[in-house]
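Sequence lines set the chain letters: A, B, ... in the order given, protein chains first and strands last, and positions in each chain run from 1. The structure displayed is predicted, hence computed values, not measured ones.
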Amino acid sequence: MNKGKILVVDDENYILHILDFSLGAEGYEVITAEDGEEAVRKAREERPDLVVLDVMMPKMDGFEACRAIKRDPEIAGTPVILLSAKARDVDQKQGYEAGADDYITKPFSPGRLVERVHGLLKTNAS
Amino acid sequence: MIRETTKTGSAPAEVTLGVHAEELQIADSVDRVLQIIERAVTGRPGVGQAALHLVNSDGELVAARPLQGPAQDLHASDVQLEGIARRAFREGALVQQAGVTAESLWAYPLKSPDRIEAVVVAVGAAAGLPGFLAQAALALYRERQRSGGESHTHAMEERAADLEQALEVLDAIVREGGSGTVLRRITSAVAGLPGIDRATLWSLRAEDGRYVEAVANGAGGPAVPPEAQRAEGFDTWLRRLPTWADFRWTAGAPNHRTSPGRGDALVIPLSSADKTHPLGFFLAQLECGLDRMDVVEDLRRWAALGRQALESFDNTGHGIRNVEELREEKEKISELHRLKSQFIAAVSHELRTPLTSITAYAETLRSSPGATDPETQDRFLRVIYDESRRLTRIVDDILDLATMDSGRVRLSCRRVELDALVRDVVDVISPLAEERSVRATLPEDEELAVHGDPDLLKQLLMNLLENAIKFTDPAGSIEVGVEREASAVRVWVQDDGPGIPADKLDLIFERFYQIDGSNSRRHGGSGLGLAIARSITAWHDGRIWAESKSGQGSRFVVSLPRLRATSRQRASEPTYDGAPVDEHRVPELVIEMIGEVMGAESVSLMLPEEDGASLFIQAAMGLPDEAIRVARVAIGESISGTVARTGVPILVPDLSRDERFAGNPRRDQYHTESLISVPVKRREEVLGVLNVTNKASGIAFDESDLALLMMLAERVSLVICKLKEFGDSRDDVQRMEEALRGVIDVRRHYYPSGGFSRLVIDVCRELGLDDVTTSKVHYASILRDVGMTRLPEGVYKKPTALSAGDRELIRRHPEDGARMLRSIEFQSDVFEIILAHHEEPDGTGYPRGLADGTIPVGARVLGVLDAYHSLRSGRPYRSAVRRQEAIEELRRNAGGQFDPEVVEALVRVLSRLGSSETGKQPEEAGNRS
């Protein structure tokens, strides 16, 4: 049943819960973090198969956390999906430049997010 | 007339026209098409003088624009040409006519699909041209359509560029004064405006009072013949002009034109900034009859610059203020723009956050198979509900802020006791604080009142407390306190949360700012609470700030201007003191009533401060709020202070001529011309001072006004005492309000001012009544119809005679009035007059049918004067009669309906007035009873 471990990072509790619920329902193991620093630490310690990362967060924002993950050779291969209320093209560009594998804008569809997670894990596995 | 053809000799005219026709196809503007028409028409053999009339956007033919070609030996008069052009325009077809001077004339309308675009008129042969002109009409149509669409954005760009240029010139005026260079720049800018081909600036030469052309730009001959201004009346004409006018010079004098065309000019008179003396004028010559309204706006602005330039010839630096203002304005706008976009970015993020939750949960509920159990569904619905509420709160807060920013807030200010307010808010908030303790520290027996809007101040305090709760641990504690300072009251909210770094102390009041960079959702709230608190404080002329040492919690402090008051005031002022809302408006109504009765521009009631050393304004009308708040008058000084000390009233008919108050600051401060200041006394004790200034009618106050105000002051004293004694008795307060409202209403709707009162006083004196009785009658005359305000609307405005039912209603008004006034009236003779003013000596009056001898004299006077008035001014159902007829009517009924003695007294008074009577109704019309 366990299809993989996903680290979900957001400072919004409601968002964490719904992602936990949606991904959990699909058989993923979900771990959570509430800011950028915690995200990078957990990415190193827990070695998730994928990270869903909010952009606007206290302490360390999503862009920076993403760069930190992608710079660490041990975990650089972990796919990162950025989740952001910043919907402009330049924001997306900044996200991809930070090394993100996908960029989803808020408000988002949990169903679609789960599909993207499936997709990325499949490409990564092959 | 010999016209040469080209050397090759034989190029047929049709070929040349064909070339022009091709040019029409590629012409890219209306002007270009017009040029092609000009060349084609004037280039035709056998065509002499020619002109083109355009049709303006109103569909009118505008003045001719001459078409100039190589040779124009054939001429006709302007009148002839214009006449035939108008005929062609009217008939919509080619018109040909044999000229008076043997040459033939023709005019051809250029018709496009939707209208006639123009009319070409010429002397000589028309052969071949109509076909070409028909094509030209289509080209004109095409270009007009095309430019129409683009013209808007284009016009905006041009305007912006023009403004930019204007700003530069203004700068130059400041640097160089009105130098020739600057003036040249102005005129050249004007000459560059569309439709203007020449601009001149004329300045008034001080030595000989002549206007000289300061600078000219553009081609063409002089727009104003030099001799023109020497013409009789030129100066007067110029001064009489509004802001601008169009005209053409004929025979050395300006002639106004109804449809300006080429050669006509717009003139804009320039006078000094204070409009006291002329500086010169601005003349812009029209290129042709284009739609000139487009440029008027621009012309005005340039004319304003011209004015400044001319003015700074002798007053360099005069323009500086304007430049600074313009620059400031510009900077302010761009700063506002920046803040606005920042705010919008923040708002969109803050709105997106709850929206994200709502859509995510809703979608999952709808489509996820895992979300079918009732418990999960319930949980999800709760999130959706919470987030929707949050969204609403954010939107509400944004709207609140937007309202406050826009300056459209309507504060309903009154005295607010901050300690009571704090107690209330703490009660409301404690349940929300959960485990946290919220404690209020309130000093006892302190004056902690401010002048403010209680609802907004509550919101301010709520926001501060909510903020404190958010940043305090569940086991933490919050303290609220109020402190009195010399001229302010401080409210503070202290929490024991994490504190605020010193460099963030100001930033936290910014919208959506969060110290840790998180969004506001994390801490609950909209992220706008402190921003709103800051706005509310600003609206109350207060200050707000935060103090904090990291790790030791934060303290938010609001300082508001203190309202100084005495304990006496409490009973008589609408106050927020925590009691259930049952505010009354008695003091305001008293002031309003006095304003109405006295016909004064301003009224104020001043009471002594608790220390007894000075007076403050307890209630007022017609004075600026600020003045009300800060005004303090030392007892014994100035007018009100003297009245307070001596208890003797002061009447100043004309302040500017009164030597007693030569140095009185009130003179400039309130533009007071005439004033009365009377003591409000209870027996011998002075409770306060009542001031009225300036009669709205512009007439100075006199002794009879003073007597009336003294009567009113006695009623004010009664009201103050009553409020003090049983201020809590709701019924009594209501009765007083009703009485005061009645007096205000009757003054506004039923009662004439001035003239009628004059007659009442004069007749009383004529009858030998003493001053006290006279002022009572005068006062009663004002109040006598208060009962009328009880009548259903319309009864009194009936254009026909009253029905029996109506009459029955009306007959009740003396009693109704007396009853209404009971709460503010204490003199039985005043009651008696009001009650009896419709009694008649023969016992047929109402309501009691009193007979001669038992009717008070005041009532008899009012009975006669009412009748006289109603005869003279007419009722809706009865037309007015002349004075002599009225007197005869009164005399006929003397002894029956009217007191003969009073009638004769009135006749004597009127005959004395007689010689000075000029108008039809010198005693004023409008009385209804």
Query raised in the report: Shortest non-hydrogen contact from B:Ala360 to A:Pro110?
Result: O-CG, 3.4 Å
Query raised in the report: Are the side chain of B:Tyr361 and the backbone N or O of A:Tyr14 linked by a donor-acceptor pair below 3.5 Å?
Result: yes
Query raised in the report: Which value, rounded to the nearest 0.5 Å, describes the distance between B:Glu363 atom CD and A:Arg112 atom CZ?
Result: 7.0 Å
Query - Spacing of CZ belonging to A:Phe108 relative to CG belonging to B:Leu355, to within rounding of 0.5 Å - result: 12.5 Å
Query raised in the report: Does a sphere of radius 6.0 Å around CZ in B:Arg382 hold more than 12 heavy atoms from other residues, nucleotides or ligands, not counting ones at 6.0 Å or beyond?
Result: no
Query - Flag if over 12 foreign heavy atoms under 6.0 Å of CD, A:Glu45 - result: yes
Requested in this report: Please tell me if the side chains of A:Phe21 and B:Thr376 come closer than 4.5 Å, counting only heavy atoms from C-beta onward.
Outcome: yes
Report task. Flag yes if more than 12 heavy atoms outside A:Tyr96 fall under 6.0 Å of its OH atom; otherwise flag no. Result -> yes
Report task. Starting at NZ of A:Lys106, measure out to OG1 of B:Thr359 and round the result to the nearest 0.5 Å. Result -> 10.5 Å
Query - Interatomic distance, A:Ile18 atom CD1 to B:Leu365 atom CG [nearest 0.5 angstrom] - result: 7.5 Å
Query raised in the report: How close do A:Ile15 and B:Ser357 get, heavy atom to heavy atom, and via which atoms?
Result: CD1-OG, 3.6 Å
Report summary line: If one checks every heavy atom of A:Ser22 against chain B at 4.5 Å, the contacting part turns out to be side chain
